[in-house]
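Residue numbers count from 1 along this sequence. Here the structure is a predicted model, which is why all the values come from computation and not from measurement.
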Amino acid sequence: MMASKEHTMRRSSEDFIVELDSKLRSGRLGLQCEAIVGLPAVFDSHPFPTLVNAVFLKMAEVFHGGSNFLRLCIVKVTEQCHDHLRKIHSCNEVVRRFSATLHSNDPFARALALRELGALAVLTAEKVTVQQSVRQALEAHEKVEVDAAIFAAR
């Protein structure tokens, strides 16, 4: 009986990943935001490391290619999901994908990337490349970027 329940929960997790991917690829900002904002409740009800890992990989893709509004939603969700971050097993890949936005021409996008890396501190604390990026951002000309670097350095 217990194995059947676990199988059902895992199956619904797989279905959720497919549905999430569909919403994130829709190109409709409202649908994408709705999908992202609902993630903390999903993680609480389905706390499987495989699900958390897959979702964060997808969010990192959206973060890199999305708007600043979606990036802000992702940062806020990451902050809310702090207890689930240790379940991510593709840490290097997740950090690499989020870090790619640090090379953007948009200072707000870079600031949001720094805040995201700060929110992922349990994964990034010992990453030298992240530490160097934060240190570099502390000398940025844009106040929003410096403030985000200070947040990430904490």
Side-chain angles (χ1 to χ4, degrees), residues 13-14 16-44 46-154:
S13 295
E14 293 168 4
F16 173 77
I17 291 171
V18 171
E19 182 182 338
L20 175 68
D21 188 51
S22 169
K23 288 179 179 179
L24 292 178
R25 291 182 189 274
S26 73
R28 295 176 45 205
L29 186 60
L31 194 58
Q32 292 171 320
C33 183
E34 179 185 327
I36 292 167
V37 172
L39 291 173
V42 172
F43 291 156
D44 289 340
H46 295 82
F48 301 116
T50 305
L51 175 69
V52 174
N53 189 71
V55 168
F56 268 91
L57 286 169
K58 290 202 180 300
M59 282 199 310
E61 286 177 25
V62 172
F63 192 91
H64 183 62
S67 67
N68 284 340
F69 179 71
L70 283 177
R71 290 182 182 118
L72 179 61
C73 290
I74 290 170
V75 169
K76 295 300 182 185
V77 164
T78 302
E79 290 170 351
Q80 291 175 6
C81 296
H82 186 269
D83 295 340
H84 298 287
L85 296 178
R86 292 195 188 276
K87 296 174 186 168
I88 298 172
H89 50 82
S90 299
C91 299
N92 291 336
E93 185 62 20
V94 168
V95 171
R96 185 188 67 75
R97 290 182 187 187
F98 279 115
S99 296
T101 307
L102 291 171
H103 305 294
S104 171
N105 290 332
D106 180 358
F108 295 104
R110 290 192 306 265
L112 289 167
L114 288 163
R115 290 190 76 79
E116 179 66 16
L117 293 172
L120 291 169
V122 297
L123 306 179
T124 63
E126 296 180 15
K127 306 259 186 253
V128 175
T129 56
V130 173
Q131 293 171 6
Q132 289 172 340
S133 295
V134 170
R135 251 185 263 132
Q136 253 182 336
L138 288 169
E139 298 175 9
H141 297 291
E142 300 288 338
K143 182 178 177 353
V144 68
E145 199 171 349
V146 173
D147 290 345
I150 292 169
F151 173 83
R154 292 182 184 173

Practice prompt. Would you check if L85 and H82 make a side-chain contact, meaning some heavy-atom pair closer than 4.5 Å?
Written response: yes
Practice prompt. Using a 4.5 Å cut-off on heavy atoms from C-beta on, say whether the side chain of D147 contacts that of L114.
Written response: no
List, one per line, each side-chain donor-acceptor pair under 3.5 Å for residues 57-64, sequence neighbours excluded.
from, atom 1, to, atom 2, distance (Å)
K58, NZ, D21, OD1, 3.4
E61, OE2, R97, NH1, 3.2
H64, ND1, T101, OG1, 3.4

Discussion item. Under a 3.5 Å distance rule, please check whether R115 uses its side chain to pair with a backbone N or O of A148 as donor and acceptor.
Written reply: no
Worksheet entry | Derivation of the side-chain contact (heavy atoms from CB on, under 4.5 Å) call for V42 and L20 | CA-CA 11 Å; V42 172; L20 175 68; over 6 Å; no
Worksheet item: R71 side chain to A113 main-chain N or O, any donor-acceptor pair under 3.5 Å?
Response: no
Item to complete: Would you sort out whether D83 and F43 count as a side-chain contact (heavy atoms from CB on, under 4.5 Å), showing the intermediate values?
Response: CA-CA 10 Å; D83 295 340; F43 291 156; over 6 Å; no
Fill in: Nearest heavy atoms of G27 and Q32, plus distance in Å
N-NE2, 3.7 Å
Fill in: Other residues, nucleotides, ligands: >12 heavy atoms within 6.0 Å of K23 NZ
yes
Worksheet entry | D106/N68 under side-chain contact (heavy atoms from CB on, under 4.5 Å): CA gap, chis, key distance, verdict | CA-CA 9 Å; D106 180 358; N68 284 340; 2.8 Å; yes
Practice prompt. Drop me the distance from K76's NZ to C73's SG, to the nearest 0.5 angstrom.
Written response: 10.0 Å
Discussion item. Applying the side-chain contact (heavy atoms from CB on, under 4.5 Å) criterion to F56, which one of L120, V77, V95 satisfies it?
Written reply: L120
Discussion item. As an exercise, state the distance from SG of C81 to CD1 of I74, rounded to the nearest 0.5 Å.
Written reply: 11.5 Å
Worksheet item: Got more than 12 heavy atoms from elsewhere within 6.0 Å of CZ, F108?
Response: no
Worksheet item: How far does CD1 of I17 sit from CG of N53, to the nearest 0.5 angstrom?
Response: 9.0 Å
Item to complete: Check whether any side-chain heavy atom of L29 sits under 4.5 Å from a side-chain heavy atom of S67, and report yes or no.
Response: yes
Worksheet item: Between S99 and V130, what is the shortest heavy-atom contact and its length?
Response: OG-CG2, 4.3 Å
Worksheet, complete the sentence: In terms of heavy-atom contacts, A149 and V134 come closest through O-CG1, 3.5 Å
Worksheet, complete the sentence: Here the gap from N105 atom CG to R110 atom CZ, rounded to the nearest 0.5 Å, amounts to 7.0 Å
Worksheet entry | Donor-acceptor under 3.5 Å (T78 side chain, E116 main chain) | no
Item to complete: To the nearest 0.5 Å, tell me how far C33 SG sits from R28 CZ.
Response: 12.5 Å
Worksheet item: Any side-chain heavy atom of V52 within less than 4.5 Å of one from P47?
Response: no
Discussion item. Can you confirm whether L102 sits close enough to L117 that some side-chain heavy atom of one is under 4.5 Å from a side-chain heavy atom of the other?
Written reply: yes
Discussion item. Rounded at 0.5 Å granularity, tell me how far NE2 in H89 sits from OG1 in T50.
Written reply: 4.5 Å
Item to complete: May I ask you to check whether over 12 heavy atoms, not counting those of E93, lie within 6.0 Å of atom CD?
Response: yes
Practice prompt. Could you check L112 against F69 for side-chain contact (heavy atoms from CB on, under 4.5 Å), going step by step and ending with a plain yes or no?
Written response: CA-CA 10 Å; L112 289 167; F69 179 71; over 6 Å; no
Worksheet item: Any idea which heavy atoms bring L39 and A35 closest together, and the distance?
Response: CG-O, 3.5 Å
Worksheet, complete the sentence: All heavy atoms of A125 vs all of Q131, minimum pair found to be O-NE2, 2.8 Å
